[in-house]
Amino acid sequence: MVSGGRNQIAHFLLPRLYASGAKVYAISRQGAADTKAQWLQWDLSSDSLSATEAQCLYHIAPLKLAIPLLKSQPQIKQIIAFSSTSRFSKTDSSSDKERTVANELAAGEAALIAYCQQAGINWTILRPTLIYGCGLDKNIYLVAQFIRRFSVFPLAFPAKGLRQPVHADDLAKACLQITANPQCFGQSYALSGGETLSYKQMIKRVFKALGKPALLLPLPLWLFKGLYQISSWLAPLRRFQTQLNPAMLERMNQDLVFEHQAAQRDFGYQPRGFYPDAASLNPPKKSPAQE
């Protein structure tokens with residue numbers, strides 16, 4: 001069973017599951033994305049799901065929805081659930097909203113672990129870093145959209161904070177490596193990308209993937225924040241302003257680095273470096289089942 005079936009990780013996980021010959025139940029509020037899974041159109045935040053035959057749950061939906069789903073599926077013996085490294089990196093954020101997200105992730109992890117231990121369910125928690133891969137994220141894709149629109153990208157000078165973008169397909173592969181692997185039961189893993197680079201270098205790679213010269217606009221943080229405040233008045237910038245906050249600007253110069261040696265040791269995790277292509281910067285085309 002895959003919750004969050006239209007998520008970017010599921011976009012890569014579902015084909016891998018089909019190739020393995022598994023019977024797949026996919027849950028989404030928006031309905032089917034293909035015809036190979038048994039799609040269950042449910043809102044996990046309000047609906048109860050009838051029991052299925054699924055033995056393993058890949059929980060890509062919000063972490064707080066994992067326990068209600070498990071309660072409706074008493075036959076499940078294993079869960080691989082996605083949290084985020086934001087659980088650590090945003091605990092001291094200047095944004096109240098981001099600190100709330102970090103606290104909710106920590107509470108969600110603790111509650112899930114306690115429930116699984118009580119119910120005898122084998123659990124593994126995965127904490128990815130900055131995810132990209134098929135234009136369904138709100139990070140790299142947003143950067144690409146800004147560059148497409150304006151052909152330039154502003155940076156909070158010197159934009160030296162380190163990043164480890166991780167491809168969603170590497171996370172999907174990790175799910176299958178963990179399945180039925182006792183070494184991974186009762187463990188939590190940080191899943192970072194295969195390369196550590198500065199924020200500035202990361203943006204340059206996006207320009208290259210789009211076939212555009214890297215036109216960067218370095219600004220002092222105080223000026224960047226000022227422009228952010230007035231961006232809601234400018235129609236071309238308004239849609240990007242709603243996706244940002246001042247704390248994100250501050251993090252351009254903060255290192256967000258997480259080691260993945262434990263994942264490499266326990267299940268052979270080997271993520272790729274950050275070399276995005278056009279496909280990773282565009283949303284997938286709709287299948288006939290989505291039309």
Side-chain angles (χ1 to χ4, degrees), residues 1-28 33-34 36-40 42 44 49 51-63 65-85 105 108-109 111-129 131 133-134 166-194 258 260-272:
M1 177 174 286
V2 179
S3 62
R6 299 284 289 276
N7 176 281
Q8 61 182 332
I9 301 171
H11 175 77
F12 295 100
L13 175 58
L14 289 172
R16 286 181 176 275
L17 290 173
Y18 303 151
S20 74
K23 180 178 181 179
V24 181
Y25 297 89
I27 303 173
S28 171
D34 58 48
K36 296 181 181 179
Q38 183 171 333
W39 283 85
L40 307 170
W42 293 93
L44 293 174
L49 188 65
T52 66
E53 300 172 281
Q55 297 292 307
C56 179
L57 170 62
Y58 303 96
H59 186 69
I60 311 173
L63 198 56
L65 302 178
I67 294 176
L69 181 53
L70 287 174
K71 287 181 177 179
S72 72
Q73 304 294 308
Q75 79 289 343
I76 285 178
K77 304 301 181 184
Q78 180 181 14
I79 179 172
I80 299 169
F82 280 86
S83 180
S84 170
T85 53
L105 286 172
E109 288 183 15
L112 177 60
I113 291 170
Y115 178 83
C116 288
Q117 289 175 338
Q118 180 183 21
I121 299 171
N122 294 318
W123 61 270
T124 306
I125 292 176
L126 305 180
R127 303 188 186 106
T129 51
I131 307 174
C134 59
V166 60
H167 198 290
D169 188 40
D170 290 331
L171 301 177
K173 182 180 179 180
C175 286
L176 270 66
Q177 291 172 313
I178 291 169
T179 305
N181 182 350
Q183 184 79 9
C184 302
F185 295 169
Q187 301 294 327
S188 300
Y189 298 99
L191 298 186
S192 49
F258 297 86
H260 59 250
Q261 283 93 335
Q264 188 175 38
R265 178 195 67 224
D266 290 353
F267 58 90
Y269 179 64
Q270 293 184 319
R272 71 198 73 181

Given side-chain contact (heavy atoms from CB on, under 4.5 Å), test I178 with Q78 step by step and report yes or no. CA-CA 10 Å; I178 291 169; Q78 180 181 14; 4.2 Å; yes
Residues C116, F185; criterion side-chain contact (heavy atoms from CB on, under 4.5 Å); working and verdict: CA-CA 11 Å; C116 288; F185 295 169; over 6 Å; no
Go through Q8 and I131 one step at a time and tell me if the side-chain contact (heavy atoms from CB on, under 4.5 Å) criterion holds. CA-CA 9 Å; Q8 61 182 332; I131 307 174; 3.4 Å; yes
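Under the rule for a side-chain contact (heavy atoms from CB on, under 4.5 Å), the partners of A61 that lie at least two apart in sequence or sit in another chain are S3, L44, H59. With sequence neighbours left out, K36 forms a side-chain contact (heavy atoms from CB on, under 4.5 Å) with Y18, D34. Applying the side-chain contact (heavy atoms from CB on, under 4.5 Å) rule to L176 yields the partners L13, R16, L17; only residues at least two apart in sequence or on another chain are considered.
Residues A10 and P15 approach most closely at O-CD, 4.1 Å, considering heavy atoms. Heavy-atom minimum distance, Q187 versus W123: O-CZ3, 3.4 Å. Taking all atoms of both residues into account, the shortest heavy-atom contact from Q73 to A51 is NE2-CA, 3.5 Å. When all heavy atoms are compared, the tightest approach of P271 to S192 is CG-O, 3.4 Å. Of all non-hydrogen atoms in P128 and S83, the two that sit nearest each other are CD-O, 3.4 Å.
A heavy-atom distance below 4.5 Å is found between the side chains of L70 and L112. Here the side chains of R272 and D169 are in contact, with some heavy-atom distance below 4.5 Å. Side-chain contact between L40 and T52: present, with at least one pair of heavy atoms (C-beta onward) separated by less than 4.5 Å. Contact annotation: the side chain of I27 approaches that of L69 to within less than 4.5 Å [non-hydrogen atoms, C-beta and beyond]. The shortest distance between side-chain heavy atoms of I125 and I113 falls below 4.5 Å. Residues F12 and K173 are not in side-chain contact: their nearest non-hydrogen atoms beyond the backbone lie 4.5 Å or more apart.
To the nearest 0.5 angstrom, N122 atom CG is 12.5 Å from I76 atom CD1. Rounded to the nearest 0.5 Å, atoms CG (D170) and NE2 (H260) are 9.5 Å apart. Taking CG from L49 and OH from Y25, the interatomic distance works out to 10.0 Å, rounded to the nearest 0.5 Å. Rounding to the nearest 0.5 Å gives a distance of 4.5 Å between OG1 of T85 and CZ of F258. Between the OG atom in S28 and the CG atom in N7 there is a gap of 10.0 Å [rounded to 0.5 Å]. Atom CD of Q55 and atom OG1 of T179 lie 12.5 Å apart (nearest 0.5 Å).
Evaluated for a side-chain contact (heavy atoms from CB on, under 4.5 Å) with I9, the options L126, I60, L14 yield exactly one hit, I60.
Remark: Q75 CD is packed, more than 12 non-hydrogen atoms of other residues, nucleotides or ligands lying under 6.0 Å away.
The aromatic ring centres of Y189 and Y269 sit 6.0 Å or more apart.
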